[in-house]
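I have placed the structure first, in the form of structure tokens, so that the comments after it can refer back to it.
A note on names: the letters A, B, ... follow the listed sequences, proteins ahead of strands, and every chain is numbered from 1.
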2 protein chains.
Amino acid sequence: MKPKLTLKQIARELDVAVSTVSKALRDSDEISVDTRQKIKAFAKLYNYKPNNIALSLKNRKTMTIGVIIPEIIHHFFTTVISGIEQVANKRGYNVIICLSNNSFDKEVINMEMLANGSTDGFILSVAKETQQKGDYQHLTEVINQGMPIVLFDRVVDEIECDKVIINDREGARKAVQHLVDIGCKKIAIITTVDYVSVGKLRTVGYRQALEKNSIPIDENLILKIEDVENSDEEINRFLFRNDVDGIFAVNEQFSVSAIRGLNNRGLKVPEDVSVVGFTNGELSKRFIPSLTTVSQHGAQMGAKAANLLIDKLENAVAGEEKYTTEIIETSLIERESTLLNLPLKI
Amino acid sequence: MKPKLTLKQIARELDVAVSTVSKALRDSDEISVDTRQKIKAFAKLYNYKPNNIALSLKNRKTMTIGVIIPEIIHHFFTTVISGIEQVANKRGYNVIICLSNNSFDKEVINMEMLANGSTDGFILSVAKETQQKGDYQHLTEVINQGMPIVLFDRVVDEIECDKVIINDREGARKAVQHLVDIGCKKIAIITTVDYVSVGKLRTVGYRQALEKNSIPIDENLILKIEDVENSDEEINRFLFRNDVDGIFAVNEQFSVSAIRGLNNRGLKVPEDVSVVGFTNGELSKRFIPSLTTVSQHGAQMGAKAANLLIDKLENAVAGEEKYTTEIIETSLIERESTLLNLPLKI
């Protein structure tokens with residue numbers, strides 16, 4: 001069998017980025033005319049067809065679901081996978097997982113590889129870089145060729161397909177309302193930069209909850225972290241700079257960094273400062289103090305996504321294109337990191 | 001394209017386990033003659049060939065590596081994957097991940113699916129149930145057909161192939177020696193049941209370190225956990241029953257369970273009891289107190305496994321079968337959970 005030419009091979013051969021090849025092949029203005037001509041000539045010479053990824057799918061059932069996620073270090077994605085696995089296995093499907101490592105190129109390469117005969121459909125959470133670029137052509141192409149996609153968590157408004165999201169805004173509102181209810185007045189948020197959709201939505205929820213409780217928003221108390229993996233030092237400095245009595249952190253890692261930062265300042269959780277996190281993972285359950293957190297019900301999210309995808313695969317009717325967006329409600333899990341404030345303040 | 005009949009489909013059709021089908025097709029005495037005949041007749045009727053999984057591999061390069069791991073909840077496996085990804089991407093290979101969820105059937109199904117044209121070779125850590133059964137036919141078949149496998153961490157002595165292991169015994173000895181060095185006299189181990197090879201080896205290392213230091217082994221201080229996911233209560237009871245001044249826990253989860261159990265008894269870490277864990281994951285780094293632990297260098301392990309596999313794929317010479325077993329040395333990372341003992345006891 002002669003191997004098929006892939007986007008990645010063209011990119012390597014011509015020493016350009018995968019995204020450049022992808023854009024050139026669909027005649028994007030972003031790529032110079034010269035480069036476009038060169039890439040198209042090369043693709044033609046080697047008989048590459050940009051639309052060949054899902055060829056002859058109609059007649060082929062792999063009974064396999066492809067899952068592409070940005071990372072597996074965070075507990076949330078591992079719980080989603082467990083939910084997908086559970087439903088898929090029950091309904092007779094295998095699951096293949098690929099990581100984009102938050103890279104646009106890897107996401108495109110993985111989709112191309114899996115769409116090329118390995119899977120019947122996709123469950124996908126979009127890479128950070130893809131959201132930043134706003135380039136979703138690889139998703140559109142797969143959908144146009146009749147291969148269903150279910151997006152979850154980090155979804156894309158521009159793409160029409162089934163989606164499973166959590167109510168991030170509402171989750172954040174619950175977290176901040178809880179801090180207000182136990183008596184906090186100076187509530188900080190530790191969040192991500194705005195182009196990460198979930199971080200942005202949780203920040204919106206934080207603002208809404210404060211407004212609703214007539215607490216003025218202090219922009220100094222909003223910390224947006226760019227480099228998530230090395231956030232400790234930044235959080236530490238932020239906590240030395242600002243006096244707070246409540247912290248809402250948009251993920252597990254930020255929550256425990258915050259607690260350590262507070263300890264460094266001689267402050268205790270929950271005696272001096274209350275902390276609410278997001279994601280109900282191992283770290284939140286096992287940390288001392290255990291963390292009050294917003295549970296996203298990742299397993300439920302994965303199960304819902306798998307059911308939506310398999311329903312589509314098994315009831316596919318040509319021409320019929322109804323898409324749903326399922327919203328998984330969050331819930332607040334109260335634990336030790338917010339227990340004591342109210343009694344102390346009365 | 002007509003879909004190929006898989007072991008899984010035969011199993012479902014005849015309402016038997018995948019392992020039964022697999023055994024029947026290779027005429028195992030463990031399966032009754034009747035069942036064997038039935039399964040073989042069915043397989044013949046539908047033209048299933050037990051040895052068809054790696055057909056025509058010689059002429060097909062997918063440039064993809066299949067990784068099968070028991071679980072992704074534990075940080076160790078996610079670090080191994082990051083090491084595999086890094087090397088594979090650098091050398092031009094994609095990575096596909098499947099989970100066995102520690103099930104023998106799922107491991108067999110995943111291997112069959114991936115061997116069927118999706119990957120060039122495997123990197124694999126064997127499922128707990130597979131180790132328990134001691135049935136490695138699915139590995140042997142794939143190897144016999146010329147598809148290379150690299151086993152890591154949970155390896156199998158009976159299978160000849162490249163392996164990457166850590167020196168579990170030596171890692172455990174380092175952990176226990178550290179506890180002895182800081183003055184602990186009554187050192188407990190919280191470990192897994194013996195059929196999990198790494199748990200067994202770490203327990204051996206614990207015994208050796210105590211013997212070397214002429215500390216008598218007290219079998220009451222050896223706790224073997226069967227149900228890893230629900231170990232908290234058992235650990236708690238164990239710590240109320242036994243007075244210890246040092247604990248060696250063979251994974252992250254057991255370490256933090258132990259610290260909470262000690263706190264429940266009014267004991268502090270490291271002031272009253274020192275704790276050393278195994279695996280240098282998020283939990284160990286971020287816990288308060290941060291955990292002294294044995295680092296397995298998961299990323300290094302993954303990188304080594306990927307290099308071994310790709311070397312084999314790219315230099316495959318018929319007839320030449322040289323296998324190596326690479327040992328990744330562990331190192332002890334000293335943190336807060338063992339800091340204070342010595343000064344207090346002097």
How many angstroms lie between [atom1] in [X] and [atom2] in [Y], if you round to the nearest 0.5 Å?
X: A/Ile96; Y: B/Thr119; atom1: CD1; atom2: OG1; value: 9.0 Å
X: B/Ile72; Y: A/Ser82; atom1: CD1; atom2: OG; value: 8.0 Å
X: B/Asn94; Y: A/Leu99; atom1: CG; atom2: CG; value: 11.5 Å
X: A/Glu252; Y: B/Leu283; atom1: CD; atom2: CG; value: 9.5 Å

For atom [atom1] of [X], decide whether the heavy atoms of other residues, nucleotides or ligands shown that lie under 6.0 angstrom number more than 12.
X: A/Gln86; atom1: CD; result: no
X: B/Asp227; atom1: CG; result: yes
X: A/Glu13; atom1: CD; result: no

Quick one: closest heavy-atom pair of [X] and [Y], and the distance?
X: A/Arg286; Y: B/Ser257; value: NH1-OG, 3.4 Å
X: A/Val95; Y: B/Met113; value: O-CE, 4.3 Å
X: B/Arg260; Y: A/Phe287; value: NH2-O, 2.9 Å

Under 4.5 Å from a heavy atom of chain A, the part of B/Leu114 involved: side chain
Proximity breakdown for B/Gln253 and chain A, heavy-atom pairs closer than 4.5 Å: both
Largest heavy-atom contact set with chain B, pairs under 4.5 Å, which of A/Glu282, A/Glu71, A/Lys8, A/His75: A/Lys8
